[in-house]
Amino acid sequence: MDFHAIEKKWQKKWEENKVFEVKENQKKKKIYVLEMFPYPSGSGLHMGHAFNYTIGDIYARFKRMQGFNVLYPMGYDSFGLPAENAAIKAGIHPKKYTNTSINNFIKQQKSLGLSYDWSRMISTCTPEYYKWNQFFFLKFMEKGLVYRKKASVNWCPKCKTVLANEQVHNGKCWRHKSTEVEQKELEQWFIKTTEYAEELLKDLDKIDWPERIKIMQRNWIGRSEGVILNFDVVNEEGDKIDNISTFTTRADTVYGITYLVLAVEHPKVMEWVKGTKYEKEVKEFIKKVKKKSIIERTAEGKEKNGVFLGKYFINPFTGDKCPLWVADYVLYEYGTGAVMAVPTHDERDFQFAKKYNLPMKVVITPKNKKLKVEEMKNAYVENGVMINSGKFNGLSNVVAKNKIIELAEKKGWGKKTIVYKLKDWLISRQRYWGTPIPIIKCPKCDAVPVPYKDLPVILPHNVKFGEGNPLLTNKKFVETTCPKCGGKAKRETDTMDTFFDSSWYYLRYADNKNDKEPFNKKKVKYWLPVDQYIGGAEHACMHLIYARFFTKVLRDLGFLDFDEPFKKLFNQGMLHGDDGAVMSKSRGNVVLPETISKKYGIDTARFFLISLASPDKDLRWSDEGIEGSYRFIKKIINYFKKVKIGKSNKKTESKLNKTIKLVTEYIEGFKYNLASIQLREFFESLGEEESKSTLEKFLKLLHPFCPHITEELWEKLGNESFISLHSWPEYDESKIDEKAEASEEFVEKVRKDIHSVKNLIKLEKIEEIKIIIAPKWKYDFFNKVKKILEKTRSPKEVIKELMKTNLRNHGKEISKIVPIIIKDNSKIPKTVLNQKTELNALIENKKLIEKEFNAKIIIEKAEESKENKARQANPNKPSIILR
RNA sequence: GUGGGGGUGCCGGAGCGGUCAAACGGGCAGGACUUAAGAUCCUGUGGCUUAGUGCCUUCGCGAGUUCGAAUCUCGUCCCCCACACCA
């Protein structure tokens, strides 16, 4: 069979007939299935992508057949650094590079047989798309969510651009794993994501996402409840000169404060030491610290360094005068950028105090032990009883904490506060291949937003690549006039982080050709939110937070009326190469869909991918393993060539209904691997003659996995329209006949038994096979056991009851039957058929068995007198005698 | 360090209290077909066996709960992923 021809044929037909294009239809229930859109890299897509899209495609096809109006689009996250790097390296313009890549991707994706509505395609690097990035930026600005700030930022010397915190991995650039990130001070555009921190955290409870992703987001947002405490700052003589505030979650330890540390970036540090004898040392210290990247100097476990500032503060709770320090372990970004130090009850403070010989004071002790400062090797961070804490002595620290906060608030020393780890989103990039930030910098009017009517600010084509930001090399772009005063002005040359583009793309699919507004509200109302989102876990803290943030802002701006963009999320596992390592070009273990498709056909590849393992687990590609799927596909095709269309028997009916039920459940739960097994099992049970309806239902069940060959076979069966558009089969519970299936299994077992006996005896020729099935009493015995079991449900009780009867000797059998009954009491357990059923089953299949073994079959009932021998026999394991 | 996910037969992996010597695939071995190879089909694939599937031993390691554990609890070792001094 020419797989290639079949694939092309159906892909063409689907496209020509617009089979997967959808429109809003109020009468039909919608489902929006979406995979995270790819960055169209020049190296094209590999099996890992194919796996991701296949997962979505199966679900989309399944839902479509179930009668839903399925929106299943595709697009490209086409702005970004690699295109620009290609420009620098190979001299190709990013636009050309990107367009080539996109076309390549489309071609590849189409050849995978994915059922996208291609008419809704988007590409973020087109003015038609990024115009709305600029539009939203201005809207955000109007809402006060945008600000400019000079900030120390992560600078990658290789990318020559600023990186977001999320793009720095272990002090290195996320793209250049060996390049140290440096620090640089620049004016940057920020978006106030922190304003939505609380809602982003709270609404995690609303969505059906994998728990681990939610946990990652919770940690990323990092909410802490605590108190901000204010302290008076004094000089050597004790005169008040200033004040300082710190954030703490451990208000219970305030009586143990012995010093206070500021981050090196804290403006008060230089203010206080200016003109004093400490100035030089502090300056040098800060200089030294700032040379290192934030990540490097704040890595956990690093030795802590600091310098005394020559100033003191007063602890309002004790009246003590304690020293102020500056140190490298304090994060300026978090809390107030200054921390109160309680060395006895905080590990970091403990280490610092030990190093610089700062005083320590125990204020919490374990219940029945006394802590001595001199003996302490670590800070005591557990709960305990308050000591050395004035009127709070003797209380549990948990209780005392609240009382202390109350006291602080009453006296005006502090305020209850919630702080978050989440930082504002730095969106400025000093790069070319991105959305120009729609701002004009006027010497008189400062930063002026580009008026809406002038959007989009088009990214100029002619620029020079090399050092720094290419946009600066296009004078025509840079030089402009101020929209406010009309004077000479310059355009902002920063572009937006591409996460801005990907934060709302899923909305644009609902209305991708609109040039009047980002999207039509009605259309979005029909299609959104995304019902099923599919993608990797690596986006947990970046894209998935930004997209949620965007949705909430757009809701508050009146564009949307829902809170969360993605109702359900499915995280697929990573596809590894044959060597067990992550698929990557550099490792040389990349498998390309084209290669596999050429050899086996894409349906085989799809089927193999999903039968390998559960799709949410990491899986390992195997060149040998695919043979199994290939055989299966070939078997199906051959079977359909030979099968006689007629009537299906009861057994097939039963199996079919069971298969429909299970496959439906499995697809719904993304257990595609189990669905594939069920399909194989059912296929194996098909006979030489089956009804057309049975065969059609089988093809329908297989269709989401193997869309091309099922279309082909569907047509061969004499159907005209697409199987893709036919309805998903329904199952009839009443047709599931466990008994019929059990007797079939029984015959199967007998066959196997004959084989194993035959192998053991190794007779040249067998003339006669005598099958002796257990005596009637044996079956009665089992049924009796069953009856007793039905009286009492508790397994313990059941067994006790049984031990009282003369069945004591059959412990083994009992332990086999009990669980069956307990698991499902409505059905007759498979293993307890009666003698008559088994006899009939054997007689029915007698000829087949005779043919198989080329011997005469004699079936006998064991005589009651042979009780002793038969007693050991399991009723469904008959004795076999060969001659 | 913290959080999450794992360790199952020759291999990839199901199973997640009882129908478990463990689905399904791969590999390997034997057989059928063929002049032969390939393809295809059948059978076997922990050990012992009186052949009855009977017994024994297995699901990282050690203990426990239970009539019963690959599955639950605790401890322990190893692997992967994410976060990284968050006061």
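Chain identifiers are assigned alphabetically (A, B, ...) following the order of the sequence lines, protein sequences preceding nucleic acid strands; residue numbering begins at 1 within each chain.
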What's the [atom1]-[atom2] distance between [X] and [N], to the nearest Å?
X: A/Arg218; N: B/rU2; atom1: CZ; atom2: C1'; result: 16 Å
X: A/Leu422; N: B/rC86; atom1: CG; atom2: P; result: 17 Å
X: A/Ile545; N: B/rA82; atom1: CD1; atom2: C1'; result: 13 Å
X: A/Phe231; N: B/rA87; atom1: CZ; atom2: C1'; result: 12 Å
X: A/Met216; N: B/rC80; atom1: CE; atom2: C1'; result: 13 Å
X: A/His576; N: B/rG13; atom1: NE2; atom2: C1'; result: 14 Å
X: A/Glu333; N: B/rA84; atom1: CD; atom2: P; result: 13 Å
X: A/Arg212; N: B/rC83; atom1: CZ; atom2: C1'; result: 14 Å

Would you please name every residue forming a side chain to side chain donor-acceptor pair (under 3.5 Å) with [X], sequence neighbours left out?
X: A/Asn571; answer: none
X: A/Lys214; answer: none
X: A/Arg620; answer: none
X: A/Asn397; answer: A/Asp252, A/Asn383

Take atom [atom1] in [N] and the same atom in [M], then report the distance between them in whole Å.
N: B/rU53; M: B/rG46; atom1: C1'; value: 15 Å
N: B/rC59; M: B/rA22; atom1: P; value: 15 Å
N: B/rG44; M: B/rG26; atom1: P; value: 15 Å
N: B/rU50; M: B/rC41; atom1: C1'; value: 35 Å
N: B/rG9; M: B/rA14; atom1: P; value: 13 Å
N: B/rG17; M: B/rC74; atom1: P; value: 16 Å
N: B/rU66; M: B/rU73; atom1: P; value: 16 Å
N: B/rG64; M: B/rG7; atom1: P; value: 24 Å

Can you give the donor-acceptor pairs under 3.5 Å from side chains of residues 253-260 of chain A to other protein atoms, not counting sequence neighbours?
unit_1, atom_1, unit_2, atom_2, d
A/Thr253, OG1, A/Arg250, O, 2.8
A/Thr258, OG1, A/Pro359, O, 2.8
A/Tyr259, OH, A/Asp349, O, 3.0

Counting Watson-Crick and G-U wobble pairs only, both distances under 3.5 Å, name the nucleotide matched with [N], or none.
N: B/rC28; answer: B/rG44
N: B/rA69; answer: none
N: B/rU58; answer: none
N: B/rC83; answer: B/rG1
N: B/rA23; answer: none

- Query: Applying the side-chain contact (heavy atoms from CB on, under 4.5 Å) test to A/His266, which of A/Ile244, A/Val326, A/Thr336 qualifies?
  - Reply: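 Only one option passes, and that is A/Ile244.
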- Select one nucleotide: of B/rG3, B/rA87, B/rG12, the one nearest the side-chain heavy atoms of A/Leu331.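 Nearest to the side-chain atoms of A/Leu331, counting from C-beta on, is B/rA87.
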- Counting side-chain heavy atoms from CB outward, which of B/rU40, B/rC83, B/rG3 is closest to A/Trp220? B/rC83
- Query: Does NZ or CZ of A/Lys304 fall inside the cone over A/Tyr329's six-membered ring, less than 6.0 Å from its centre and within 45° of the axis?
  - Reply: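 Cation-pi check for A/Lys304 and A/Tyr329: passes.
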- Query: Can the ring centroids of A/Tyr356 and A/Trp325 be said to lie less than 6.0 angstrom from one another?
  - Reply: yes
- Query: What about the rings of A/Tyr666 and A/Tyr672, do their centers lie closer together than 6.0 Å?
  - Reply: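 That pair fails the under 6.0 Å test.
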- Would you please confirm or rule out a distance under 4.0 Å between OP1 or OP2 of B/rA14 and any side-chain N or O of A/Lys617? yes
- Does A/Tyr334 place a side-chain N or O at less than 4.0 Å from the phosphate oxygens OP1/OP2 of B/rA87? yes
- For A/Tyr600, all residues meeting ring-ring contact (aromatic ring centres under 6.0 Å, His included), sequence neighbours excluded: A/Tyr630
Could you go through nucleotides 28-34 of chain B and list every protein N or O atom that sits under 3.5 Å from one of its N or O atoms, giving the distance for each pair?
none

- Could you note down all residue pairs passing salt bridge (charged side-chain N to carboxylate O under 4.0 Å, His left out) where residues 254-263 of chain A supplies at least one of them, sequence neighbours left out? none
- Task: Between A/Arg620 and A/Asp349, name the one whose nearest nucleotide on RNA chain B is closer to the 5' end.
- Result: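 The residue mapped nearer the 5' terminus is A/Arg620.
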Filtered N/O pairs between nucleotides 23-26 of chain B and protein, under 3.5 Å:
unit_1, atom_1, unit_2, atom_2, d
B/rG26, OP1, A/Arg631, NH1, 2.4

